[in-house]
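Some notes on the structure that comes next.
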Amino acid sequence: MKYTIDRFEEGFALLEDEAGEMRQIPRTALPPEAREGDRLEGVGTGYVILAEETRAAQAEADSWLRRLLNRKRRR
């Protein structure tokens, strides 16, 4: 299953799955370089960062934000 890191809180990571459900796991279960917004896939008892999917999701969010800001400036 694939997840997105929503946020970190007190030693835990909150992950959102593809159905929008949230789950809390120990921060130590993730790779040390994991950051908020990273896309992950559960593998065995751990997780791997999906670098290409993370980059694509960040680019999409950046594009959406630019469009939103441009729309507000036109008003």
Side-chain angles (χ1 to χ4, degrees):
M1 177 162 287
K2 294 183 180 180
Y3 304 91
T4 301
I5 301 174
D6 183 67
R7 64 186 179 275
F8 297 106
E9 291 183 355
E10 300 181 16
F12 290 92
L14 282 103
L15 308 181
E16 182 176 3
D17 68 19
E18 296 167 304
E21 299 292 322
M22 301 295 285
R23 72 183 303 188
Q24 181 176 302
I25 64 166
R27 172 70 174 92
T28 56
L30 298 176
E33 68 275 13
R35 302 286 178 256
E36 290 177 359
D38 281 350
R39 295 279 295 148
L40 308 168
E41 186 166 20
V43 177
T45 59
Y47 298 86
V48 295
I49 297 172
L50 302 171
E52 199 58 41
E53 286 190 28
T54 297
R55 279 191 286 279
Q58 289 171 341
E60 183 178 337
D62 290 344
S63 175
W64 180 86
L65 181 59
R66 278 193 303 277
R67 287 192 310 267
L68 180 64
L69 292 174
N70 286 333
R71 186 178 307 157
K72 287 186 175 187
R73 288 184 189 144
R74 292 183 207 161
R75 292 182 180 179

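Predicted, not measured: the structure shown is a model, and the values here were computed from it.
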Worksheet item: Is L15 linked to M1 within one hydrophobic cluster, defined over Ile, Leu, Val, Met, Phe, Trp and Tyr using a side-chain heavy-atom separation of less than 4.5 Å?
Response: yes
Discussion item. Once side chain to side chain donor-acceptor pair (under 3.5 Å) is applied, do any residues pair with S63, and if so which ones, sequence neighbours excluded?
Written reply: R67
Item to complete: Could you list who else is in M22's hydrophobic cluster, with ILVMFWY side chains joined at under 4.5 Å, directly or through other members?
Response: L14
Worksheet entry | Listed once per pair and sorted, the ring pair (Phe, Tyr, Trp, His ring centres under 6.0 Å) pairs that draw on residues 21-43, sequence neighbours left out | none
Discussion item. Applying salt bridge (charged side-chain N to carboxylate O under 4.0 Å, His left out) as the test, list every pair that has at least one member in residues 22-33; sequence neighbours left out.
Written reply: none
Practice prompt. Give, for atom CD1 of I5 and atom OG1 of T54, the distance between the pair rounded to the nearest 0.5 Å.
Written response: 8.0 Å
Discussion item. Tell me which pairs pass ring pair (Phe, Tyr, Trp, His ring centres under 6.0 Å) where either residue lies in residues 23-60, with sequence neighbours left out.
Written reply: Y3-Y47
Response to the item:
Taken in chain and number order and not counting sequence neighbours, the residues that satisfy salt bridge (Lys or Arg N to Asp or Glu O under 4.0 Å) with E9 are R7
Practice prompt. Return the set of residues passing salt bridge (Lys or Arg N to Asp or Glu O under 4.0 Å) with R35 (not counting sequence neighbours), or none when no residue passes.
Written response: none
Item to complete: Please list all pairs passing the ring pair (Phe, Tyr, Trp, His ring centres under 6.0 Å) test where one or both residues lie in residues 18-39, with sequence neighbours left out.
Response: none
Worksheet item: Is the side chain of D38 donor-acceptor paired with the backbone N or O of A34 at a distance under 3.5 Å, no angle test?
Response: no
Worksheet item: For F12, which fellow cluster members are found when Ile, Leu, Val, Met, Phe, Trp and Tyr are connected by side-chain heavy-atom distances below 4.5 angstrom, either directly or through intermediates?
Response: none
Worksheet item: When rounded to the nearest 0.5 angstrom, what distance separates OG1 in T4 from CG in L40?
Response: 7.5 Å
Item to complete: Give, for atom CG of L30 and atom CD1 of I49, the distance between the pair rounded to the nearest 0.5 Å.
Response: 8.0 Å
Fill in: Pairwise salt bridge (charged side-chain N to carboxylate O under 4.0 Å, His left out) hits with a residue in residues 13-22, at least two apart
none
Discussion item. Please enumerate all residues that pass salt bridge (Lys or Arg N to Asp or Glu O under 4.0 Å) together with R55, with sequence neighbours excluded.
Written reply: E52
Item to complete: Just jot down the salt bridge (Lys or Arg N to Asp or Glu O under 4.0 Å) partners of E53, sequence neighbours excluded, or say none.
Response: K2, R39
